[in-house]
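Structure first, then comments.
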Amino acid sequence: MKTTEVDVFFADTRDHDCDEMVGQLGRDCMERLARITHPCRREQFILGRFLLRHALRHKHGTVAEGWILDAASGKPYLSGVGAPEISLSHSRELVACAIAPVAVGLDVEYCRERDFVALAEQICGPAELRHFLSLPVFERSLGFYRMWTLKEATFKLYGRDNVQPGNPMPLAFHASGLRYQYFWPGVDFFAALVARTDCTLCLKVHPPSSVRSK
Ligand SMILES: CC(C)(COP(=O)(O)OP(=O)(O)OC[C@H]1O[C@@H](n2cnc3c(N)ncnc32)[C@H](O)[C@@H]1OP(=O)(O)O)[C@@H](O)C(=O)NCCC(=O)NCCS
């Protein structure tokens with residue numbers, strides 16, 4: 001059986017001096033950073049860019065000169081010959097980056113108590129909502145984060161809003177040429193990875209990285 005290998009890398013903002021890293025960012029990134037005011041979000045953005053570079057070096061041995069990061073539309077992608085597909089996500093101190101030979105979407109969420117029923121009512125189609133409400137109360141937290149991360153990861157794969165609140169998930173994932181996998185990237189963090197492939201998904205989740213700025 002053929003497999004599609006997807007690598008997921010993580011880094012923790014608490015282990016990095018993001019202010020010190022800022023000077024190493026390219027002009028495009030600096031322009032985007034200038035529009036981000038929230039301190040935590042700034043750290044996530046900065047570390048995300050360095051984690052991506054770290055991940056590319058780890059996976060491909062180098063960052064090819066012709067690979068250009070473009071994120072003007074929100075969805076980041078690398079253009080250039082042989083460039084892999086990427087997806088970024090952050091939640092609190094955790095920053096994550098997926099690298100794959102096929103289109104991918106990654107979403108990481110910190111799991112906390114919320115009004116899951118009210119949120120589910122906003123993001124589910126009628127059949128999904130019925131299924132969600134049929135879950136025992138103690139399973140609703142996990143049930144909610146499974147739906148949420150899968151919707152967000154699918155949205156990111158497509159990079160456009162075909163997975164909006166209220167729109168049901170494509171239930172026949174396999175038939176639509178997508179595969180997905182859930183995983184726990186840390187205590188109280190939950191994640192979904194979606195890939196466009198007909199092959200078996202082989203997810204390689206790397207331990208948290210210490211990312212160098214140079
Ligand atoms: C854009 C969106 C997907 C970001 O997700 P999030 O959980 O808020 O934030 P995350 O940290 O996981 O992801 C942020 C990263 O996603 C990437 N991203 C942003 N817009 C994107 C898009 N349109 N497509 C793919 N990736 C995108 C960026 O890399 C961004 O990080 P950066 O700005 O530091 O580069 C989300 O805010 C959104 O708009 N979702 C629309 C669908 C929706 O309403 N979902 C609700 C549940 S169904």
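Order of appearance sets the numbers: ligands from 1, and atoms from 1 within every ligand.
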Let me have the donor-acceptor pairs involving side chains of residues 200-211, under 3.5 Å, with sequence neighbours excluded, atom names and distances please.
| unit_1 | atom_1 | unit_2 | atom_2 | d |
| --- | --- | --- | --- | --- |
| H206 | NE2 | D7 | OD2 | 2.7 |
| S209 | OG | F10 | O | 3.4 |
| S209 | OG | H54 | NE2 | 3.2 |

With A120 via side-chain contact (heavy atoms from CB on, under 4.5 Å) - residues at least two apart:
C124, L129, F132, M147
Can you tell me if NE2 on H131 sees more than 12 non-hydrogen neighbours from other groups inside 6.0 Å?
no
Under 3.5 Å, N or O to N or O, is R49 touching ligand 1 that way?
yes
Under 4.0 Å, heavy atoms only, figure out whether ligand 1 is touched by the backbone of Y158, its side chain, both or neither.
neither
Within 45 degrees of the ring normal and closer than 6.0 Å to the centroid, is that where the cationic atom of R140 sits relative to F116?
no
Should A71 be listed as contacting ligand 1, given a heavy-atom distance under 4.0 Å as the test?
no
Restricting to heavy atoms, the pick from K75, R35, Q44 nearest atom 26 (N) of ligand 1 would be K75
Check ligand 1 against D107 and write out every atom of the ligand that is under 4.0 Å from a heavy-atom position of the residue.
7 (O), 12 (O)
Which option, R41, Q122, E152, H90, owns the non-hydrogen atom nearest atom 5 (O) of ligand 1?
E152
Carboxylate-amine/guanidinium contact R27 E31, below 4.0 Å
yes
Below 30° counts as parallel, above 60° as perpendicular, anything between as tilted: where do the rings of Y180 and Y182 land?
perpendicular
From T149, L88, I36 - option closest to atom 15 (C) of ligand 1 by heavy atom
L88
I want to know if ligand 1 touches I123 in the polar sense, i.e. an N/O pair below 3.5 angstrom.
no
Counting from 1 in the order shown, the ligand 1 atoms closer than 4.0 Å to a non-hydrogen atom of R32 are 33 (O), 35 (O)
Identify, by atom number and element, the atoms of ligand 1 in contact range of E109, meaning under 4.0 Å from any of its heavy atoms.
7 (O)
Closest heavy-atom pair, E5 versus P101, reported as atoms and distance to 0.1 Å, is O-CD, 3.2 Å
Heavy-atom side-chain proximity of I99 to V6 below 4.5 angstrom
no
Test of understanding: given a 4.0 Å heavy-atom threshold, classify the contact between K156 and ligand 1 as side chain, backbone, both, or neither.
both
